[in-house]
Amino acid sequence: MILDGKVPSGPLAEKWDLHKFNMKLVSPANRRKYDVIVVGTGLAGASAAASLGEMGYNVKAFTILDSPRRSHSIAAQGGINAAKNYKNDGDSVYRLFYDTIKGGDYRAREANVYRLAQVSVNIIDQCVAQGVPFAREYGGMLENRSFGGAQVSRTFYARGATGQQLLLGAYSVLMRQVQKKSVELHTRTELLDIVVIEGRARGIIARDLLTGELSRHTADAVLLCTGGYANLYYLSTNAGNSNVTAAWRATKRGAFFGNPCYVQIHPTCIPMSGEHQAKLTLMSESLRNDGRVWVPKETGDPRRADKIPEEDRDYYLERRYPTFGNLVPRDVASRNAKMVCDEGRGVGPSKLAVYLDFTDSMNRLGVDVIKDRYGNLFDMYERITGEDPYTVPMRIYPAPHYAMGGLWVDYNLMTTIPGLFCLGEANFSDHGANRLGASALMQGLADGYFVAPYTTANYLASTPKKPITTSHPAFDEAEKEVVERMTRLLAVKGSKTVTEFHRQLGKLMWDKVGISRNESDLGQALIEIKALREEFWKDVKIVGKAEDLNRDLEHAMRVADYLEFAEMLATDAKNRRESCGSHLRDENVTEDGEALRNDQDFAYVAAWEFKGVGVEPVMHKEPLTFENVEMKQRNYK
Amino acid sequence: MKKVQLRIWRQRSQNDAGKFSEHNVDYEDDMSLLEVLDILAESLIKKGEEPFVYDFDCREGICGSCGLVINGVPHGPLKGTTTCQLHMRHFNGIASITLEPWRAAAFPLIRDLVVDRSAYDKIMSAGGYISVDTGGTPDANCLPISKTHADKAFDYAACIGCGACVAACKNSAAHLFVGAKLAQYAVLPQGQPERLRRVIAMTEKMDELGFGTCSNEGECEAVCPKEIKTEVIAMMNRDYIKAMLFGA
Ligand SMILES: Cc1cc2nc3c(=O)[nH]c(=O)nc-3n(C[C@H](O)[C@H](O)[C@H](O)COP(=O)(O)OP(=O)(O)OC[C@H]3O[C@@H](n4cnc5c(N)ncnc54)[C@H](O)[C@@H]3O)c2cc1C
Ligand code: FES
């Protein structure tokens with residue numbers, strides 16, 4: 001089946017305005033008759049729930065956490081992009097659009113990305129009106145910096161906590177709607193299934209995480225804003241509660257999953273120190289502006305960093321990419337770091353790390369300048385590793401960070417299940433095969449404040465209103481399936497913990513479906529995932545019961561979903577026989593080993609249809625056509 | 001591997017009696033405290049026992065989920081640090097670590113080390129916002145804000161809502177939390193129109209929910225992982241008096 005992205009006609013720059021005009025509206029008096037469920041209260045969910053509440057819809061919002069303010073958007077450090085051109089450096093909506101399409105390696109939908117760039121400017125206005133304390137210049141105007149290799153300064157930031165401040169802004173307007181009773185908030189509640197009636201999303205089954213009690217909720221539309229799945233890899237920069245469950249349950253109910261194999265690996269994370277490790281901490285990539293990346297030339301060089309003379313060091317990024325040097329994009333930096341470690345030239349106790357050395361910049365600029373620029377990051381590094389980066393070079397290693405893949409959505413952010421929308425990192429998004437720094441926060445808020453409120457209204461207005469109740473057989477059936485799954489899990493009573501399985505799955509995915517991939521590893525991964533899943537269902541050990549607070553069971557359900565989803569991810573990776581965006585395919589490289597994209601055969605979105613656990617999913621293509629930009633091969637030499 | 005004794009508070013629910021359970025565990029200096037708890041919890045599961053529960057999410061000191069009273073001090077021995085950011089080396093080879101939940105009437109216990117902090121959300125919904133709807137906002141640079149004020153606003157807005165200030169206060173007062181939010185808006189021009197209404201709404205809610213009164217001991221500031229200063233409480237009190245005198 002060829003998928004239709006429902007991109008409106010008209011010139012690129014006018015599509016969204018024309019579409020807004022053509023979409024149907026719900027009159028203010030009728031809005032309170034519609035129930036909308038928003039799952040997830042990160043940037044995407046909080047902004048959508050608040051906006052829909054303000055408009056007058058009856059909103060129910062759900063989050064796993066004890067408060068919306070703790071959603072993982074809170075952890076974003078660097079900044080948010082917007083085409084304000086406040087710096088008069090030649091930025092424009094068109095340039096942000098162009099950079100995002102190019103950065104995504106020509107695997108995103110033009111019209112969506114253009115709209116994203118258009119509404120980016122409104123986001124900043126909105127956030128400032130809410131009291132978000134962005135960085136300012138002495139003259140009182142907003143400060144910008146350049147981020148992630150962009151040639152213009154378009155990144156707005158709030159010290160090292162931009163995500164926190166944006167989320168607290170969205171949370172505050174959400175809480176205002178809670179006060180007005182237009183939004184009913186359900187914290188510590190997890191979605192476990194989506195209820196589809198007559199082909200439309202009509203509700204959800206949720207579990208109270210404190211009591212284990214299941215509840216049913218009806219709705220006229222459901223918005224999934226449940227974040228990304230990078231912690232499928234166990235060690236990632238994501239939070240402990242990040243998961244694929246909501247998106248995966250939707251997939252099992254018929255939503256297609258877009259480009260699951262696109263996972264961004266961030267180059268500058270603090271390396272792991274042992275088996276016990278629960279997560280990897282991201283360090284802002286701005287560090288690469290002044291740090292030089294190197295490893296010893298010899299494999300297994302036992303000397304301390306300061307004892308290795310200049311001639312025995314390999315500044316491999318500067319050597320291989322003389323033009324961009326240490327500032328090559330994330331994927332190139334990550335891949336090269338893994339490569340030198342695989343060669344045995346890694347450093348530190350685990351040998352899975354490379355140096356990021358500030359000695360030269362400290363000599364050139366002085367320690368104070370470096371302290372001023374990166375002081376808080378250096379402190380964080382020291383707190384975690386116990387090493388002082390002012391005297392010993394930092395050690396860094398890549399880690400899974402962001403999911404470009406997600407539920408496939410059309411231009412209206414609607415999945416292939418009518419009435420089921422998907423926003424933020426959970427959708428397959430506007431970032432193609434690779435996301436640029438500071439663009440995820442922008443997308444989450446664009447979706448939630450400025451896109452979904454309109455497109456949801458259009459859907460509601462053009463769908464005949466049919467009342468349903470929670471006693472509909474579809475609710476019975478969905479709840480029964482949820483109960484059965486929990487009962488089956490608890491009945492296994494095996495010997496291995498959920499964490500052991502999660503760790504094992506993560507390692508397998510990192511080794512075989514990680515940064516660089518090849519046909520034989522991927523084939524092997526598919527066999528191993530299946531075997532691990534079978535072992536899980538035979539040997540997992542879960543304590544406690546379903547009708548109670550049970551963290552072990554929560555984790556088990558998420559890992560069970562990962563074990564099914566991982567197969568789809570690996571299948572997608574196997575199908576994509578090209579090097580593109582975040583990933584290199586070993587078979588598809590240029591003569592000097594660089595990424596080789598294949599536009600002839602792969603300029604499409606792969607949207608996968610679930611056909612059963614362990615059954616190969618069916619791929620549907622959404623061809624990508626580029627009418628406004630020319631597809632170019634990236635070159636950072 | 002080094003050895004430490006962990007004394008962990010176990011309590012099934014608010015209505016059950018609680019007690020400490022003691023465990024001798026091995027650790028390395030570069031493990032975080034939560035990783036040591038992870039390992040212990042996993043070993044209990046292996047034995048078929050239900051592990052103690054503790055909250056966390058980001059493990060980067062920003063989401064405010066984690067929060068334990070560690071040897072009597074909320075968030076433990078290191079200044080300006082959350083529980084999740086503590087590594088074992090920060091304990092300098094201590095023999096025993098006692099872990100307890102936040103204890104405050106307004107934060108009822110859920111189980112073991114987990115408490116219910118939804119009172120904070122209720123205070124926020126009572127007035128912790130600038131009343132602005134989506135759309136129709138002016139260009140962000142229409143409103144110049146001095147760097148000093150913007151920086152101040154950030155300092156106050158850095159609060160992660162963890163509840164350590166309440167846990168540290170012998171009166172269980174939430175003044176640092178509420179004051180920080182009020183102060184953020186009080187130094188920004190956007191916050192002025194509702195400034196006095198806001199202070200009334202949030203403080204009344206705070207009292208209603210059973211948080212105590214402030215007796216200026218400063219314990220809150222000492223444990224705040226974001227090092228928010230008690231000056232926000234003074235600002236709050238001034239605005240409160242103004243609101244009382246002149247009406248909100
Ligand atoms: C360390 C780090 C730094 C980053 N830095 C930047 C940056 O500088 N700039 C940038 O643009 N991007 C950055 N990103 C990416 C960006 O932060 C995220 O992509 C974005 O915030 C995701 O927002 P979201 O609303 O889609 O999801 P999230 O904020 O992850 O929220 C997901 C929500 O869904 C809920 N949820 C999930 N599953 C369920 C379920 N089954 N039932 C009920 N609720 C559920 C969760 O509880 C949560 O409320 C960073 C990411 C990380 C991890
Ligand atoms: S887990 Fe997020 S602050 Fe500690």
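Predicted, not measured: the structure shown is a model, and the values here were computed from it.
- B:Lys181 contributes atom NZ, which lies 5.0 Å from atom CG of A:Leu168 (distance to the nearest 0.5 angstrom).
- A donor-acceptor contact shorter than 3.5 Å links the side chain of B:Arg89 to the backbone of A:Ile384.
- Residues satisfying the side-chain hydrogen bond (donor to acceptor under 3.5 Å, both in side chains) criterion with B:Lys3, sequence neighbours excluded, are B:Asp26.
- Residues A:Pro133 and B:Ala150 come closest through the heavy atom pair CB-O, 4.0 Å.
- A donor-acceptor contact closer than 3.5 angstrom links the side chains of B:Asp139 and A:Tyr86.
- Ion pairing of B:Asp55 with A:Arg70 is absent here, as no side-chain N (NZ or NE/NH1/NH2) approaches a carboxylate O to less than 4.0 Å.
- Side-chain N or O atoms of B:Lys46 include one that pairs as donor or acceptor with a backbone N or O of A:Ser495 at under 3.5 Å.
- Heavy-atom minimum distance, A:Gln126 versus B:Gly135: OE1-N, 2.8 Å.
- The distance from the OG atom of B:Ser32 to the CD atom of A:Gln277 is 8.0 Å, given to the nearest 0.5 Å.
- Nearest heavy-atom pair across B:Asp30 and A:Ser273 is OD2-CB, 3.6 Å.
- Applying the side-chain hydrogen bond (donor to acceptor under 3.5 Å, both in side chains) criterion to A:Gln177, with sequence neighbours excluded, gives A:Ser182.
- By the salt bridge (charged side-chain N to carboxylate O under 4.0 Å, His left out) test, A:Asp539 is found to be paired with no residue, residues two or more places apart in sequence or in another chain being considered.
- Closest non-hydrogen pair, A:Glu54 versus B:Thr134, comes out as OE1-N, 2.7 Å.
- Applying a 4.5 Å heavy-atom cutoff, the residues of residues 58-65 of chain B that approach chain A are B:Cys58, B:Arg59, B:Glu60, B:Ile62, B:Cys63, B:Gly64, B:Ser65.
- Both the backbone and the side chain of B:Ile45 come within contact range of chain A, judged by heavy atoms closer than 4.5 Å.
- In terms of heavy-atom proximity, A:Arg136 sits nearest to B:Leu143 at NH1-O, 3.3 Å.
- In this structure a side-chain-to-backbone donor-acceptor pair under 3.5 Å is present from B:Asp57 to A:Asn241.
- Taking CZ from A:Arg69 and CZ from B:Arg117, the interatomic distance works out to 9.5 Å, rounded to the nearest 0.5 Å.
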